[in-house]
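Okay, so here's the structure we're looking at.
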There are 2 protein chains.
Amino acid sequence: MTSQFAATQNDDHLEKTLDPVIGALVRDIIGKVADKWTMLILEALDQHGTLRFTEVGRQVGDISQKMLTKTLRQMEYDGLVEREVHPVIPPHVDYRLTEIGRELSDAFCGVWIWAERYQAQIEGARQAFDKRKAG
Amino acid sequence: MTSQFAATQNDDHLEKTLDPVIGALVRDIIGKVADKWTMLILEALDQHGTLRFTEVGRQVGDISQKMLTKTLRQMEYDGLVEREVHPVIPPHVDYRLTEIGRELSDAFCGVWIWAERYQAQIEGARQAFDKRKAG
DNA sequence: CAGTATCCCTTGGGATACTG
DNA sequence: CAGTATCCCAAGGGATACTG
């Protein structure tokens with residue numbers, strides 16, 4: 001804990017911080033999973049079921065090979081995707097969501113809908129903010 | 001578009017990428033909002049209603065003043081939080097969620113629940129991954 | 001095809017010090 | 001109290017080249 005906001009020890013009437021209720025592992029998981037590329041890949045695999053490496057990249061669109069590899073590895077590590085290698089030449093590798101990957105995709109669904117629904121309002125808020133600062 | 005996975009032009013039978021259906025602005029919004037600190041602050045303000053600058057930091061726990069300021073500014077810019085300055089000495093600044101901030105918090109709720117529910121399974125997947133690579 | 005390795009620049013993010 | 005400003009290091013992330 002190196003936070004500049006740690007509660008003082010004798011202030012025991014203070015409400016607890018998020019730490020105890022949320023837990024370090026959950027925070028770590030959120031840190032890994034609340035990521036743009038993860039969300040995009042989750043979405044792509046959720047829509048298409050099974051995709052090859054290159055197909056995932058094509059579906060996501062604007063992603064470099066490096067980030068695609070890295071994000072897929074992390075997702076595999078966390079058990080969100082299954083990776084199936086067909087030992088043929090040229091190589092053929094399939095990716096698909098696991099059960100918990102699908103569940104996470106479902107959980108993020110609400111966030112996608114939120115972003116879609118309020119994009120105009122967010123744009124408005126940004127312009128209002130700029131105008132406020134300028135004026 | 002600098003992706004290495006762009007569909008070739010004459011392959012018009014290919015399924016469309018996520019780009020047209022998701023949209024650049026929505027992707028940008030997700031990029032801003034799918035962030036560990038944003039999620040934690042959203043959660044803190046959702047639980048407590050209104051908090052002062054320092055209180056937000058204390059509730060989040062392990063956040064530096066720099067990231068707290070920066071994240072709160074971005075959230076204000078996007079219209080997720082309202083910032084109310086009381087012109088007194090010493091300064092007093094209140095933060096609270098806007099309507100769309102609360103909606104986003106709700107949308108993220110499913111992700112928190114997912115992380116909470118599957119943390120053991122994720123830990124298991126990680127250990128299995130390590131063992132697979134080691135063995 | 002499905003990567004890995006390298007280079008190199010940008011951003012994230014903590015620590016510390018200072019200010020109205 | 002609620003910030004800004006500065007320094008500095010680590011991680012993100014694109015481009016290119018190479019490999020089984």
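Chain letters run A, B, ... following the sequence lines, proteins first, then strands; residues in each count from 1.
Within the 3.5 Å criterion, the main-chain N or O of B:I22 finds no donor-acceptor partner in the side chain of A:W112. No side-chain donor-acceptor contact under 3.5 Å links B:S105 to the backbone of B:D46. A donor-acceptor contact shorter than 3.5 Å is absent between the side chain of B:R96 and the backbone of B:E82. The main-chain N or O of A:K70 is never found under 3.5 Å from a side-chain atom of A:W37 such that the two would form a donor-acceptor pair.
A:Y95 and A:R83 make their closest contact through OH-NE, 3.2 Å (heavy atoms, listed as atom of the first residue, atom of the second, distance).
A close approach under 4.0 Å does occur between a side-chain nitrogen or oxygen of A:W37 and OP1 or OP2 of D:dG13. The phosphate of C:dG12 (OP1 or OP2) has a side-chain N or O of B:K70 nearer than 4.0 angstrom. The side chain of B:R73 contributes an N or O atom lying less than 4.0 Å from OP1 or OP2 of D:dT4. The side chain of B:R52 places an N or O atom within less than 4.0 Å of a non-bridging phosphate oxygen (OP1 or OP2) of D:dA2. For C:dA2, the OP1/OP2 oxygens have a side-chain nitrogen or oxygen of A:T54 closer than 4.0 Å.
Summarising the geometry, the separation between NZ on A:K36 and P on D:dG14 is reported as 7 Å, rounded to the nearest angstrom. Rounding to whole angstrom units, NZ of residue A:K133 and P of D:dT4 are separated by 9 Å. Atom CD of B:Q74 and atom P of C:dG13 are 12 Å apart (whole Å). Distance CD (B:Q65) to C1' (D:dC1): 9 Å, rounded to an integer number of Å. What separates CD1 of B:I41 from C1' of C:dG13 is a distance of 13 Å, to the nearest Å. If you measure from atom CZ of B:F53 to atom C1' of D:dT4, you get 11 Å, rounded to the nearest angstrom. In this structure, B:I63 places its CD1 atom 13 Å from P of D:dG3, rounding to the nearest Å. The CG-P distance, from A:L68 to D:dG14, rounds to 11 Å in whole Å.
Under the 4.0 Å criterion applied to side-chain N and carboxylate O atoms, A:E76 and B:R132 are assigned as salt-bridge partners. A salt bridge links B:E99 with B:R102: at least one charged nitrogen is closer than 4.0 Å to a carboxylate oxygen.
Side-chain proximity of A:K66 to the nucleotides D:dA15, C:dG13, D:dT4 is greatest for D:dA15.
Across its full length, the helix from C:dC1-D:dG20 to C:dG20-D:dC1 shows an angle of 50° between the axes of its 5 terminal pairs at either end, rounded to 10 degrees.
The side-chain contact (heavy atoms from CB on, under 4.5 Å) check on B:K32 picks up A:R126, B:D28, B:Q74, B:D78, with sequence neighbours excluded.
For the residue pair B:Q127/B:E123, the side-chain donor-acceptor check at 3.5 Å is satisfied.
Contacts between residues 79-95 of chain A and DNA chain D, defined by a heavy-atom separation below 4.0 Å, involve A:P91, listed by number.
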